[in-house]
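Within every chain, numbering begins at 1; the chains are lettered A, B, ... in the order of the sequence lines, protein sequences first and strands thereafter. Only this structure's heavy atoms are used, side chains among them; waters, hydrogens and symmetry mates stay out. Keep in mind that what you see is a predicted model, and the values were worked out from it rather than measured.
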2 protein chains.
Amino acid sequence: MSNDNIQQLVNRYVDVSFSVTKKAEALITEQLGSKLTHDQLYIIRYINRVGSCTSTALAEEFEVKKSAITAIINRLWEKGFIQRTRDEKDRRVVYLTLTEKGEELFWRIDKRIQQLVEELISQFEPSEIEQFIETYEKLNHALVEQKNKK
Amino acid sequence: MSNDNIQQLVNRYVDVSFSVTKKAEALITEQLGSKLTHDQLYIIRYINRVGSCTSTALAEEFEVKKSAITAIINRLWEKGFIQRTRDEKDRRVVYLTLTEKGEELFWRIDKRIQQLVEELISQFEPSEIEQFIETYEKLNHALVEQKNKK
DNA sequence: TTTAACTATTCAACAATTTAACTATAAGTA
DNA sequence: TACTTATAGTTAAATTGTTGAATAGTTAAA
């Protein structure tokens with residue numbers, strides 16, 4: 001593939017992924033109200049999925065330092081969305097879980113997001129969506145490989 | 001499409017787009033050194049493409065307030081990567097352009113990014129990439145439509 | 001000419017991030 | 001057992017990006 005072609009592909013990809021992310025987050029902002037930031041929603045979404053996890057796990061998952069996680073968790077804890085529970089066996093470890101209030105909030109926001117997505121994807125063939133996400137996941141895998149090579 | 005299917009698609013999409021963005025930015029971080037942040041690179045990339053633009057245009061393009069742009073531009077200006085030029089006809093307007101130093105920096109980083117992408121996309125069929133970006137652009141378009149509806 | 005609109009900036013407040021230092025706990029070793 | 005090293009999490013200072021409100025200067029409209 002020629003340099004010009006690659007240049008064009010990079011530009012198209014960067015533009016469209018940037019634009020889509022921005023627009024999707026703008027849509028979701030209305031659902032978040034002033035209760036959560038996007039990063040906070042991502043964290044809550046993750047904890048909801050795994051049920052319970054540690055700061056270290058979150059830091060690895062989100063590829064940031066642990067102190068960054070502490071800061072976000074503190075804010076969510078102050079708002080009453082997250083609980084901290086010390087492990088009795090290993091007292092260094094703190095397990096993070098959603099409170100009932102946190103679960104309820106996430107459930108409500110997630111439902112609204114699904115409604116928005118439903119409107120959106122009705123315009124696509126299911127096979128096109130499937131192919132799109134598959135290629136995206138393949139790209140993700142290729143990035144992991146490239147990272148491991150170094 | 002059933003609710004469960006939509007739920008699954010949303011989850012897969014959010015996960016993979018988040019993951020790819022993180023990993024791509026991690027790869028690029030090494031190229032940026034301590035000279036630029038990612039947002040600063042996005043801004044420089046845009047100005048490089050259009051040649052010259054205003055704060056207002058950047059604020060619209062990046063969907064943030066003008067004061068956020070002023071802050072970023074100030075930092076890039078302090079580092080000597082960006083020039084400000086007042087419009088003589090309409091003295092409210094300030095045109096932003098890259099300095100020679102800014103152009104040279106962007107050129108160097110962009111070249112490295114292309115090399116990285118080249119390694120990556122060699123693993124894909126050109127038609128698969130083309131289809132992927134087309135669907136992505138279609139999604140972007142659908143988001144614009146949905147936004148305008150409101 | 002006065003009023004309204006627009007362009008950009010400043011400032012205060014907050015969120016997310018990194019780096020470095022620190023506390024507490026657990027595990028390994030001599 | 002006592003010393004050392006490693007791990008989990010937090011704290012504090014500094015930087016960056018963000019919003020919202022206020023402001024200065026300029027242009028357009030009434």
Side-chain angles (χ1 to χ4, degrees), chain A residues 18 21-23 25-26 28-30 32-47 52-79 81-97, chain B residues 18 21-23 25-26 28-30 32-47 52-79 81-97:
Chain A
F18 193 85
T21 303
K22 281 274 176 188
K23 288 189 180 66
E25 291 194 337
I28 292 172
T29 293
E30 298 161 33
L32 295 175
S34 55
K35 296 180 198 71
L36 288 182
T37 66
H38 290 287
D39 292 280
Q40 288 168 3
L41 176 64
Y42 281 125
I43 296 281
I44 285 190
R45 187 174 168 278
Y46 181 82
I47 297 178
S52 164
C53 70
T54 63
S55 283
T56 304
L58 280 173
E60 280 167 12
E61 180 70 19
F62 289 81
E63 300 190 44
V64 295
K65 303 295 172 196
K66 282 189 287 188
S67 52
I69 299 295
T70 299
I72 295 182
I73 296 297
N74 277 341
R75 290 179 200 113
L76 288 171
W77 180 81
E78 280 161 21
K79 291 177 186 164
F81 296 137
I82 278 192
Q83 256 174 341
R84 286 176 157 118
T85 319
R86 272 229 127 71
D87 185 329
E88 286 307 318
K89 303 271 176 55
D90 184 342
R91 296 193 51 75
R92 290 170 301 181
V93 177
V94 176
Y95 294 116
L96 305 169
T97 50
Chain B
F18 192 85
T21 303
K22 281 274 177 190
K23 289 189 180 66
E25 292 194 337
I28 292 172
T29 293
E30 298 161 32
L32 294 176
S34 55
K35 296 180 199 71
L36 288 183
T37 66
H38 291 287
D39 292 279
Q40 287 168 2
L41 176 63
Y42 281 125
I43 297 281
I44 284 190
R45 186 174 168 279
Y46 180 82
I47 298 179
S52 163
C53 69
T54 63
S55 284
T56 304
L58 280 173
E60 279 166 14
E61 181 71 18
F62 288 81
E63 299 189 43
V64 295
K65 302 295 172 198
K66 281 188 286 190
S67 53
I69 299 295
T70 300
I72 296 181
I73 296 296
N74 278 340
R75 291 180 197 112
L76 288 171
W77 181 81
E78 281 161 21
K79 291 175 185 164
F81 296 137
I82 279 191
Q83 256 174 342
R84 284 175 158 120
T85 319
R86 272 228 128 71
D87 185 329
E88 287 305 318
K89 303 271 176 55
D90 183 343
R91 295 192 50 76
R92 290 170 302 183
V93 177
V94 175
Y95 294 115
L96 305 169
T97 50

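Applying the salt bridge (Lys or Arg N to Asp or Glu O under 4.0 Å) criterion to A/R84, with sequence neighbours excluded, gives no partner residue. Considering only residues two or more places apart in sequence or on other chains, B/R92 meets the side-chain hydrogen bond (donor to acceptor under 3.5 Å, both in side chains) condition with B/D90. A/E60 meets the side chain to side chain contact (heavy atoms under 4.5 Å, CB included) test with A/T56; sequence neighbours excluded. With sequence neighbours left out, the salt bridge (Lys or Arg N to Asp or Glu O under 4.0 Å) criterion links A/R75 to no other residue.
Among the atoms of the strands shown, only primed sugar atoms or phosphate atoms (P, OP1, OP2) are found under 4.0 Å from some heavy atom of B/R84.
Within the structure, every side-chain polar atom (N or O) of A/N74 is placed at least 4.0 Å from both OP1 and OP2 of C/dA15. Applying the 4.0 Å criterion to OP1 and OP2 of D/dA28, one finds that B/R92 has every side-chain N and O outside that range.
Both A/K22 and A/T56 lie close to DNA chain D; mapped to their nearest nucleotides by heavy-atom distance, the more 5′-ward contact belongs to A/T56.
Among C/dA8, C/dA26, D/dT16, the nucleotide with an atom closest to any side-chain atom of B/R75 is D/dT16.
Less than 4.0 Å separates DNA chain D from at least one heavy atom of each of the following residues of residues 63-70 of chain B: B/V64, B/K65, B/S67, B/A68.
Note that the two end axes of the helix from C/dT1-D/dA30 to C/dA30-D/dT1 enclose an angle of 0°, each drawn from 5 base pairs, rounded to 10 degrees.
The backbone N or O of B/K35 sits less than 3.5 Å from a side-chain atom of B/K79, completing a donor-acceptor pair.
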